Amino acid sequence: MKVLMVNKFLHPNGGSETYIFKLGEQLQEMGHEVQYFGMEHEGRVVGNRIESYTSDKDFHGGGLGKLLYPLQIIYSTEAKRKMRRVLHDFQPDVVHLNNINFQLTPSVIYAVRDYEKKSSRRVRIVYTAHDYQWVCPNHMMRIPSTGAICFACRGGDYVQCTKNRCIHNSGVRSLLGTIEAKYYAKRETYGMVDVIVCPSEFMKKQLDTDPLLADKTVMMHNFIETSAPQNGAGYDGRDYVLYFGRFSEEKGTKTLLEACEALPEIPFVFAGTGPLEDSVNKVPNVENRGFVTGEALRELISGARFSVYPSEWYENCPFSVMESQMYGTPVLVSDLGGAPELVQAGKTGELFRGGDVQELTEHIGTLWNDLELCRRYSANCKNIKFDTIHEYCDKIVRKVYAVDCEQDR
């Protein structure tokens, strides 16, 4: 089978990139051919045979890019043209879309369907929803100026994005987001996709509010890289609480820091980077380890008494929550979005009301002072079952891609 993986970033940038790199690597190990399409970038680590990519677009800057922003954010003729070249050269059976809006735009969907007509070949389009972009123009269902959770655009009332200045708190950019959402809704563009993979039941529920998408969604929680054994030995030596991830308001970093200040006797370790890094560095009982990956991150997770995921937006299916339990570290997770689906509350961790600093503080204090409870949660993590990358790929090939590669239609 030939699979073209499409994502705006082809360099390490976040969870969606982790997903496409690991998925593509495993598919190749299983004997499938995989190529990639997206933006060119100096850090690009994957690509396609004919080296066809769009120019690197940063819509946060100024200059000419800012002047062309209104046109490029809605429909990219460059992306469609260069995508078409890859399609004709690679002749994929499946085009797997990931994050495409703004930089690539849904113009790439039209590139696939145009290629089908000209080549008389059937191509299956699969989309993995890493965020809520197809039902919410700012993709987070959160008003940035207030931090309030919001469902206003769900159902097609996209003008609310403009009213609430939901994209970068900018009236102009929010208006463009509204126009983009209305444009593709009117053309029923997203209905041209064959299957939408939702990494959480919560995500599926949100997308199912659009009748055009509802019969196309399937739920598949994200994978873990390996079924590594949990670290159950020496639990008494775990002497810190861990947060690892982006330092930002939507991730709940500000709320967590307030809890840290209220619990000066408890040592916290933060691992990551982000706009709130200066605030992280100012709290005396917080040690900032910076961005940590690989074996160093595994050791950091395995050495924590428990980890905290205080996100204040509707997280989809965070790898971090799964990774923590995989290494036998209990989790304290906010009750928003898809993250709670990954926790057996009262067995492998606990939930708290997202954004409630008092409830978060109380949970941290209780867990820290009850070593036996944490040890019991850690032992229960051994019974957690997440798909390994191999199991996930096997399912996605059989149940999602589900295309007869030998037959051109």
Side-chain angles (χ1 to χ4, degrees), residues 6-8 14-16 19 73-75 96-110 125-170 173-222 250 311-318 334-341 354 400:
V6 181
N7 192 64
K8 56 189 177 185
S16 64
Y19 175 88
I73 193 176
I74 296 174
Y75 193 93
H96 191 151
L97 307 175
N98 292 271
N99 281 345
I100 60 171
N101 289 76
F102 302 144
Q103 281 88 344
L104 297 182
T105 79
S107 62
V108 296
I109 298 175
Y110 290 98
I125 302 181
V126 173
Y127 169 65
T128 294
H130 298 280
D131 56 37
Y132 307 95
Q133 180 70 47
W134 287 10
V135 291
C136 168
N138 90 335
H139 77 261
M140 295 182 69
M141 296 200 301
R142 182 177 186 269
I143 301 174
S145 60
T146 64
I149 295 299
C150 176
F151 293 99
C153 287
R154 200 178 60 179
D157 188 14
Y158 300 123
V159 72
Q160 298 300 321
C161 176
T162 303
K163 289 181 178 179
N164 292 317
R165 300 169 66 92
C166 287
I167 299 180
H168 305 306
N169 201 26
S170 163
R173 294 184 177 187
S174 299
L175 175 60
L176 290 172
T178 295
I179 293 171
E180 185 225 26
K182 282 182 170 291
Y183 175 74
Y184 287 112
K186 185 174 182 179
R187 296 189 70 182
E188 298 188 344
T189 303
Y190 300 136
M192 297 166 66
V193 171
D194 294 297
V195 183
I196 301 173
V197 178
C198 301
S200 67
E201 287 288 355
F202 183 85
M203 170 66 78
K204 186 178 187 304
K205 182 179 178 180
Q206 306 316 308
L207 296 191
D208 284 351
T209 61
D210 185 340
L212 197 65
L213 309 180
D215 65 344
K216 300 177 183 293
T217 59
V218 296
M219 199 287 288
M220 290 179 62
H221 281 141
N222 284 333
E250 75 275 4
S311 192
E312 293 175 17
W313 77 288
Y314 289 126
E315 290 277 5
N316 189 359
C317 182
S334 78
D335 62 355
L336 300 175
E341 299 172 24
V400 178

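A quick note: this is a predicted structure, and the numbers were derived from the prediction, not measured.
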**Complete:** Nearest heavy-atom approach of Ala129 to Pro199 is O-CD, 3.2 Å

**Set of residues satisfying side-chain contact (heavy atoms from CB on, under 4.5 Å) with respect to Ala152, sequence neighbours excluded** = Cys150, Gln160

**Item:** salt bridge (charged side-chain N to carboxylate O under 4.0 Å, His left out) against Lys216, all qualifying residues, sequence neighbours excluded
**Value:** none

**Fill in**
Between the OG atom in Ser145 and the CG atom in Asn169, the distance rounded to the nearest 0.5 Å is 5.0 Å

**Prompt:** Going from CE on Met219 to CG on Asp208, what distance comes out if it is rounded to the nearest 0.5 angstrom?
**Reply:** 12.0 Å

**Prompt:** Considering residues at least two apart in sequence or located in another chain, which fulfil the side-chain contact (heavy atoms from CB on, under 4.5 Å) criterion with Met140?
**Reply:** Asn138, Arg142, Glu250, Trp313

**Message:** Would you compute the distance between atom NZ of Lys204 and atom CE of Met220 and round it to the nearest 0.5 angstrom?
**Reply:** 13.5 Å

**Request:** Any chance you could measure Lys163, atom NZ, to Leu175, atom CG, to the nearest 0.5 Å?
**Result:** 13.0 Å

**Message:** Given 3.5 Å as the limit, does a donor-acceptor pair link the side chain of Glu341 with the main chain of Glu201, or not?
**Reply:** yes

**Prompt:** Taking all non-hydrogen atoms of both residues, which atom of Phe102 and which atom of Thr105 are closest, and how far apart?
**Reply:** O-CG2, 3.5 Å

**Request:** Might you work through the side-chain contact (heavy atoms from CB on, under 4.5 Å) test for Ile167 and Leu176, ending with a clear yes or no?
**Result:** CA-CA 9 Å; Ile167 299 180; Leu176 290 172; over 6 Å; no

**Item:** Over all atoms of both residues, closest heavy-atom pair of Ala339 and Pro318
**Value:** CB-CG, 3.9 Å

**Request:** Working to the nearest 0.5 Å, report the span between CZ of Phe202 and CE of Met141.
**Result:** 4.5 Å

**Request:** Return yes if some donor-acceptor pair links the side-chain N/O of Thr209 with the main-chain N/O of Gly155 below 3.5 Å, else return no.
**Result:** no

**Request:** May I ask you to decide if Asn7's main-chain N or O and Asn99's side chain share a donor-acceptor pair within less than 3.5 Å?
**Result:** no

**Fill in**
Closest non-hydrogen atoms of Thr178 and Cys161, given as atom of the first, atom of the second and distance, are OG1-CB, 3.5 Å

**Request:** Give a yes or no on whether the backbone of Cys166 and the side-chain of Ser174 come within a donor-acceptor separation of less than 3.5 Å.
**Result:** yes

**Request:** May I have the step-by-step check of side-chain contact (heavy atoms from CB on, under 4.5 Å) for Tyr190 and Ile109, ending in yes or no?
**Result:** CA-CA 8 Å; Tyr190 300 136; Ile109 298 175; 4.3 Å; yes

**Prompt:** Do we see a donor-acceptor contact under 3.5 Å between the side chains of Asn98 and Ser16?
**Reply:** no

**Asked** Should the pair His96 and Tyr19 be assigned to parallel (<30°), tilted (30 to 60°) or perpendicular (>60°) ring geometry?
**Response** perpendicular

**Asked** Is it true that the side chains of Thr189 and Tyr183 contain a donor and an acceptor less than 3.5 Å apart?
**Response** no

**Message:** Counting C-beta onward and ignoring hydrogens, is there a side-chain heavy-atom pair between Val135 and Cys153 closer than 4.5 Å?
**Reply:** no

**Request:** Using a 4.5 Å cut-off on heavy atoms from C-beta on, say whether the side chain of Tyr110 contacts that of Tyr75.
**Result:** yes

**Asked** Would a 4.5 Å heavy-atom cut-off, applied to side chains only, mark Asn101 and Trp134 as touching?
**Response** yes

**Fill in**
So CG of Leu207 and CG of Leu213: to nearest 0.5 Å the spacing works out to 6.0 Å

**Where Asn222 and Cys317 come nearest, the two heavy atoms and their spacing** = ND2-O, 2.9 Å

**Asked** Any side-chain heavy atom of Val218 sitting closer than 4.5 Å to one from Val197?
**Response** yes

**Phe151 side chain near Tyr132 side chain, heavy-atom distance below 4.5 Å** = no

**Fill in**
Minimal heavy-atom distance between Gly354 and Asp335, with the atoms involved, is N-OD1, 3.0 Å

**Asked** Can you find a heavy atom in the side chain of Gln133 that is under 4.5 Å from one in the side chain of Glu180?
**Response** yes

